[in-house]
Undergrad: 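Handing you this structure, nothing more for now.
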Amino acid sequence: MAVAHILRQKGTSVFTVEPGDSVQTIVDMLARHRIGAVVVVDPFGGIAGIVSERDVVRAMVGDAAAVVTKTARDIMTAKVRTCTPNDSETELMLMMTESRIRHLPVIANGRVAGMVSIGDVVKLRIESMEAEADQMKTYIASAG
């Protein structure tokens, strides 16, 4: 349950935009909140897509100045990979690596319940390794 652990530590806030919101609005939100992606929600609160920093950069190809006049709908990734609170660290790493993505919206009870980034997964992995090292030191000290 790595995802549930991550959400307990970082919280469940998810920044969202609507399909018609401008890329300028999205870029301002990414910078203001120091985040790498926003979820695009449909009128019913479901996931319509995701816009990451990479999506913004890809949309700049050919005419970078025009990108800020586009909308979330124009540049979003519509096929969104998601995870659940019960997914493990290994499952997260596999999904992110195979799909070459850095953000996974968390879905619980059919709703967006948080967002997990590759940074969150790396932090969790480091914590796990430190805990294992501490256990090993304790074991060695008690055995000696």
Side-chain angles (χ1 to χ4, degrees), residues 1-62 64 66-142:
M1 293 200 309
V3 173
H5 177 78
I6 290 169
L7 294 181
R8 276 192 302 275
Q9 287 186 328
K10 75 178 274 187
T12 58
S13 294
V14 178
F15 293 96
T16 63
V17 297
E18 296 176 2
D21 286 347
S22 72
V23 172
Q24 183 65 60
T25 298
I26 295 167
V27 169
D28 291 345
M29 185 179 289
L30 294 173
R32 182 173 51 255
H33 298 290
R34 300 176 53 89
I35 55 175
V38 294
V39 174
V40 183
V41 293
D42 64 27
F44 307 103
I47 297 177
I50 190 167
V51 176
S52 70
E53 296 162 320
R54 288 179 179 179
D55 293 316
V56 174
V57 170
R58 286 183 187 116
M60 294 175 73
V61 173
V67 75
V68 294
T69 63
K70 294 182 179 184
T71 65
R73 182 183 301 104
D74 297 328
I75 72 165
M76 71 183 187
T77 299
K79 185 179 177 185
V80 181
R81 294 291 312 259
T82 62
C83 62
T84 72
N86 296 323
D87 286 333
S88 70
E89 174 184 338
T90 303
E91 290 168 315
L92 291 173
M93 289 188 295
L94 187 61
M95 279 191 276
M96 289 177 160
T97 301
E98 286 180 349
S99 300
R100 299 183 53 98
I101 56 176
R102 297 182 296 164
H103 301 88
L104 286 168
V106 181
I107 303 298
N109 301 320
R111 308 290 293 168
V112 178
M115 178 85 84
V116 176
S117 73
I118 190 69
D120 298 325
V121 177
V122 169
K123 181 180 175 191
L124 176 67
R125 183 66 188 131
I126 290 169
E127 288 173 1
S128 297
M129 290 172 29
E130 288 173 346
E132 288 172 21
D134 288 344
Q135 288 176 349
M136 186 62 77
K137 287 177 190 175
T138 301
Y139 175 76
I140 291 171
S142 68

Undergrad: Ignoring hydrogens and angles, tell me if any N or O in the side chain of D28 forms a donor-acceptor pair with the backbone of T25 under 3.5 Å.
TA: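 Such a contact is absent between D28 side chain and T25 backbone.
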
Undergrad: Before giving the answer on side-chain contact (heavy atoms from CB on, under 4.5 Å), spell out for V23 and T69 the whole-Å C-alpha distance, their side-chain angles and the decisive distance to 0.1 Å.
TA: CA-CA 7 Å; V23 172; T69 63; over 6 Å; no

Undergrad: Check side chain to side chain donor-acceptor pair (under 3.5 Å) between S117 and all other residues, then give those that pass, not counting sequence neighbours.
TA: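 Partners of S117 under the side chain to side chain donor-acceptor pair (under 3.5 Å) test: D120.
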
Undergrad: Any donor-acceptor pair under 3.5 Å linking the side chain of T97 with the backbone of M93?
TA: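 A pair under 3.5 Å: yes.
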
Undergrad: Under the side chain to side chain contact (heavy atoms under 4.5 Å, CB included) test, which residues partner R8, sequence neighbours left out?
TA: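 Applying side chain to side chain contact (heavy atoms under 4.5 Å, CB included) to R8 gives A4, H5.
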
Undergrad: List in chain and number order the residues that pass side chain to side chain contact (heavy atoms under 4.5 Å, CB included) with V57, two or more places apart in sequence or in another chain; answer none if no residue qualifies.
TA: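 V57: no side chain to side chain contact (heavy atoms under 4.5 Å, CB included) contacts found.
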
Undergrad: State which residues pass side chain to side chain donor-acceptor pair (under 3.5 Å) with N86; sequence neighbours excluded, sorted by chain then number.
TA: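 With sequence neighbours excluded, N86 shows a side chain to side chain donor-acceptor pair (under 3.5 Å) to no residue whatsoever.
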
Undergrad: Extract all donor-acceptor atom pairs below 3.5 Å that involve side chains of residues 29-42 and protein atoms in other chains or at least two apart in sequence.
TA:
residue: D42; atom: OD1; partner: F44; partner atom: N; Å: 2.8
residue: D42; atom: OD1; partner: G45; partner atom: N; Å: 3.0
residue: D42; atom: OD1; partner: G46; partner atom: N; Å: 2.8

Undergrad: I'd like to know if the side chain of K10 reaches the main chain of M115, judged simply by a donor and an acceptor atom lying under 3.5 Å from each other, with no hydrogens or angles considered.
TA: yes

Undergrad: Just so I know, are the side chains of D74 and T71 near enough to count as touching, which here means a heavy-atom distance under 4.5 Å?
TA: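 SC-SC contact between D74 and T71 confirmed.
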
Undergrad: Could you tell me whether R102 and E53 make a salt bridge, using a distance below 4.0 angstrom between a side-chain N and a carboxylate O?
TA: yes

Undergrad: List the residues meeting side chain to side chain donor-acceptor pair (under 3.5 Å) with S88, not counting sequence neighbours, and say none if there are none.
TA: E91

